[in-house]
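Atoms within each ligand, like the ligands themselves, are counted from 1 in listed order. Just the heavy atoms: all of them, side chains too, but no hydrogens, waters or symmetry mates, feed the values below. Position 1 is the first residue of the sequence; numbering continues from there. Not measured: the values here are computed from a predicted model.
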Amino acid sequence: MGKHYFLGLAAGRKESSKQLFTHGTKEDCVKLSEFLKKKYGGEVMLTKNGRSALALALKAYFDRGDKIIVNGFTCYAVYEAIKAAGLTPIWADISEGDLNYDAKTLRGLEALYLGHAPGRSPKSTVPNRVPSSPSDIKGIIIQNSLGNPVDIGAVEKFARKHSLIIIEDLAHSVGVKYADGREAGTVGSATILSFGKDKAIDTISGGALILRKAIKNSIKAPSKRPRVSDTLRSRFYPLFGAICRGLSYIHLGGPLMRLLVKIHFVEKSADNKLDLNCRINKFEAKLALRQLKKLNSRGEKPLREFYLVNNREEVLSKLRKAGYFFDGFWYERPVSPERYYKKVNFPEEACPVATEVAKRIVNLPTYYNKKELAKAREIIKEYL
Ligand SMILES: *Cc1c(COP(=O)(O)O)cnc(C)c1O
């Protein structure tokens, strides 16, 4: 069974004409920057995508060779950014409840890397730190997986204890509130946003970086114009998606979408290129600002409702038969997609929960409304 690529806006929300015809100006970029500055507090840079924003943030606050703690259930884009900045990821296992690392997994990392094994006597003659230069761990990235807020109290306590710099990645979680009432993005040293396909703010591509605290290494704000081919792809993606969805009723949608991917008219999100010099598209800045303003009054809901099912292949096949396109769920591997997973060298034995969850998870795409999803929920519930 072929894969479908009907993601985000592409799946027939009434967004394709907005995406095609919105005209943006420099003023729109200034307005977006000012909005973000006011919301999160700090210096703002608008970027080609979320991964470029993350790579810039890491360059600004860390040195090559530093290690950074990352949620062990994430998108390849995050790994790409970490590598581009010359850092090494330390993968933290997740909890099944919210798909985030928690106090327990952080304690585990502490014992392994930071020389504070629980229960070790302070008078012990064992040196306080394990040999593998534990102090190389300099930071921690918060992900708020699928819009579920991390246990911020535990993270901040842990970060303070070990002098770690916190980076908040809001690709899944713009507008989400932590348990103590603070909004995600107002806690760490830097906040990054992605406006990519199917993200909390979705304009097909684009991203932003907010430097909230003093930086260590200077970085240059991206200023290069986006390539025409990239711009066209962003403009047309929703339209192509809508056409393919329409054609799917006569079984031509899948083949057409595969053709569009093959000739690079449509790019899968994971293949979006990292580019630290390229700025956002002006029309995407305009659309992103519009969505951000709406978000403020929309209240909280998770980005994607998720379920852990038995026999996922069968569930997906049933969903397909019922007319749903569910294949783009997050995540099929602890670091997704599958085709890049091998490159990551992910330590499955150190992250058993993430490894297992990746085998069983499905999540409800955001492009169906509540009513449309009722039948899908029924199908899924049989396999819980
Ligand atoms: C998608 C994603 C990014 C990067 O977004 P792009 O705009 O596609 O580069 C960063 N972090 C997380 C958690 C993501 O899911």
Enquirer: Please report the C-alpha distance between Y178 and N144 in whole Å, then the side-chain angles of each, then the deciding distance to 0.1 Å, and finally whether the side-chain hydrogen bond (donor to acceptor under 3.5 Å, both in side chains) criterion is met.
Expert: CA-CA 9 Å; Y178 294 123; N144 303 318; 3.3 Å; yes
Enquirer: Who's the nearest protein heavy-atom neighbour of atom 6 (P) of ligand 1, and how far?
Expert: G50 N, 3.4 Å
Enquirer: When the ring centroid of F240 is compared with that of Y237, is the distance short of 6.0 Å?
Expert: no
Enquirer: Write out the residue and atom name of the closest protein heavy atom to atom 2 (C) of ligand 1, then the distance separating them to 0.1 Å.
Expert: K199 NZ, 2.5 Å
Enquirer: Which ligand 1 atoms are under 4.0 Å away from a heavy-atom of Y331?
Expert: 15 (O)
Enquirer: On the ring face of W330, is K199 found with NZ or CZ under 6.0 Å from the centre and within 45° of the axis?
Expert: yes
Enquirer: First locate atom CG of L54, then atom SG of C75, and finally report the distance between them rounded to the nearest 0.5 Å.
Expert: 10.5 Å
Enquirer: What atoms of ligand 1 come within less than 4.0 Å of a heavy atom belonging to A77?
Expert: 4 (C)
Enquirer: Which part of H172 is near ligand 1, with near meaning a heavy atom under 4.0 Å away: side chain, backbone, both or neither?
Expert: side chain
Enquirer: Please confirm whether R333 makes a cation-pi placement over F346, using NZ or CZ under 6.0 Å from the six-membered ring centre and within 45° of the ring normal.
Expert: no
Enquirer: Would you call R304 and L364 a side-chain contact if the rule is heavy atoms closer than 4.5 Å?
Expert: no
Enquirer: If you count the atoms of ligand 1 from 1 in the order shown, which ones are under 4.0 Å from a heavy atom of V78?
Expert: 10 (C), 11 (N), 12 (C), 13 (C)
Enquirer: Say you draw a straight line from CZ of R360 to OH of Y307; how long is it, rounded to the nearest 0.5 Å?
Expert: 14.0 Å
Enquirer: Tell me which protein heavy atom sits closest to atom 8 (O) of ligand 1, plus the residue, atom name and distance to 0.1 Å.
Expert: R51 NH2, 2.9 Å
Enquirer: What residue and atom, counting heavy atoms only, is the protein's closest point to atom 11 (N) of ligand 1, and at what distance?
Expert: D169 OD2, 2.6 Å
Enquirer: Yes or no on salt bridge (charged side-chain N to carboxylate O under 4.0 Å, His left out) for E332 and R312, after CA distance, side-chain angles and deciding distance?
Expert: CA-CA 10 Å; E332 62 190 342; R312 182 166 62 197; over 6 Å; no
Enquirer: Distance under 4.0 Å to a non-hydrogen atom of C75: what atoms of ligand 1 satisfy this?
Expert: 1 (C), 14 (C), 15 (O)
Enquirer: Please list, in number order, the atoms of ligand 1 under 4.0 Å from a heavy atom of S194.
Expert: 5 (O), 6 (P), 7 (O)
Enquirer: Examine ligand 1 and decide if any of its atoms is less than 4.0 Å from a heavy atom belonging to L54.
Expert: no
Enquirer: For Q143, counting its heavy atoms only, list the atoms of ligand 1 lying under 4.0 Å from any of them.
Expert: 13 (C)
